[in-house]
2 protein chains.
Amino acid sequence: MLVNYKQLQQIINGSSIPIPISGTLSGHAAGEPFDKHVYSAIKAQLPQNTFRQYEYLNDLYSKNAEIIGVKARQELFDSPSILFLLSRGKDATKNWSSESPFEEKQDDTADIIVVKDGFYEIIDIKTRNLAKSAQAPNIISSYKLAQLCAIMIENKEFNKLSINYFEVDWLLENDLLVCKDTHFINLFKTDPKELYINWEAAMQIQFHVCNLSQNFNEPIEHWAISYLKHFVAQVYRRADYMIEKYAKPFEKYL
Amino acid sequence: MLVNYKQLQQIINGSSIPIPISGTLSGHAAGEPFDKHVYSAIKAQLPQNTFRQYEYLNDLYSKNAEIIGVKARQELFDSPSILFLLSRGKDATKNWSSESPFEEKQDDTADIIVVKDGFYEIIDIKTRNLAKSAQAPNIISSYKLAQLCAIMIENKEFNKLSINYFEVDWLLENDLLVCKDTHFINLFKTDPKELYINWEAAMQIQFHVCNLSQNFNEPIEHWAISYLKHFVAQVYRRADYMIEKYAKPFEKYL
């Protein structure tokens, strides 16, 4: 772990931010300021190593301004896993220039990346309004995660990255959003069997960070294989379920 | 058809509404004022027969204030198909009272209902910003539509309702949203085979109203059976696709 999460929690717990001017108090609008707040606190810990995803890409391509073209830029990543997780699409990569750098995209994989000595700590911030009982949020595409596991196995690359989630639980108090609690997990410490896939919501894995265990202590290689077993089993289960629930009951009318 | 859609189009085409004060120009925020605008124009044609879905339910339960309880209130609907499409959930139905009537819900089936002589013309308004090339919008759950078809077949009830979509194409011009064109379809006039199901978006049927044909001239009973054939075939196809795309490629790593 590059970030000291205990120290981060001490800073964020009890902190508050002004209520956003526009938007509702659920979802993106309320969450964004806390995301920026956590980012600042991590950057204070590791100023040279902390990036937004688009900042990291702009930094990488700027430092290698003589490298142009999709293929050459892709080779700047020293890791197939990191290339897969962090790089933008081919057109965007080709068209990048220091005059028109990348901007933040809502569907970027990571909110925050901390990079040190070739290791990438990927951090996503999840915010939660404790006054509402909301559905667990979208975490990451279960298919994207399966592809990542396959790339890690193919390249025997198990020590390049970690994927982490930091949850900020807040309440509205006198025009302030006040952080009441925080939770942190390393995805590779959670038994993959616990990961719920919502097939109807773009195959997203969904969970509240505070609900996941952190007892998976086997090597990352085992995690990747275990996740793929879980994912493939869930695909077959979903296919069977669809036929049972959505096809069979209607066949008598055909 | 209860509504004169030709006349409606003459009124809406070229009309404009002030730009909404809050929100972005995509999606719900921009669409809502046009929805209300179309509603007013239909209500001007058929003042006694035109309702918002929640208004219709409030009207039905108010006129029968002595009828209480879920079962008795459900029996007020003279049609299983209409009950299925328009009624609210059991708890909401039980708890309804004239002091706490229903309010508009974003996931109500219909934007507008026109009722006359026991026939229900269900109308959904779809708005489209011509300046953006957007994904086709969610129309209705493919599963809900399959359940409706089964209910219609079970009850031999093919002359009770129609499901209609009215598209308003608009552009932003000098702080006004200006309607540039409108399109109308009756779902039961579209060959069910044309209906695209997005399995990852809550199994929603998605289309732009302007892209659908209106050449299906067989009886509604045939439409219902034809839709169920299409839906069931798509379920099997999706189940196969999921296994081919999401399971098979990863099995070599297990």
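To find a chain, count down the sequence lines: A is the first, B the second, and so on, and within it residues start at 1.
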Which donor-acceptor pairs sit under 3.5 Å apart between chain A and chain B?
| from | atom 1 | to | atom 2 | distance (Å) |
| --- | --- | --- | --- | --- |
| A:Glu154 | OE2 | B:Tyr253 | OH | 2.4 |
| A:Glu200 | O | B:Ala202 | N | 2.8 |
| A:Ala202 | N | B:Glu200 | O | 2.8 |
| A:Tyr236 | OH | B:Lys248 | NZ | 3.4 |
| A:Tyr236 | OH | B:Glu251 | OE2 | 2.5 |
| A:Lys248 | NZ | B:Tyr236 | OH | 3.3 |
| A:Glu251 | OE2 | B:Tyr236 | OH | 2.5 |
| A:Tyr253 | OH | B:Glu154 | OE2 | 2.4 |

Region of A:Ala150 that comes under 4.5 Å of a non-hydrogen atom in chain B = both
Check whether B:Ala201 gets within reach of chain A through its side chain, its backbone, both or neither, counting any heavy atom under 4.5 Å.
-> backbone
How long is the gap from CG on A:Leu228 to CG on B:Leu254, to the nearest 0.5 Å?
-> 6.5 Å
To the nearest 0.5 angstrom, please state how far the CD1 atom of B:Ile225 sits from the CZ atom of A:Phe250.
-> 14.0 Å
Grab the two heavy atoms, one from A:Ala247 and one from B:Val235, that are nearest each other, plus how far apart they are.
-> CB-CG1, 3.8 Å
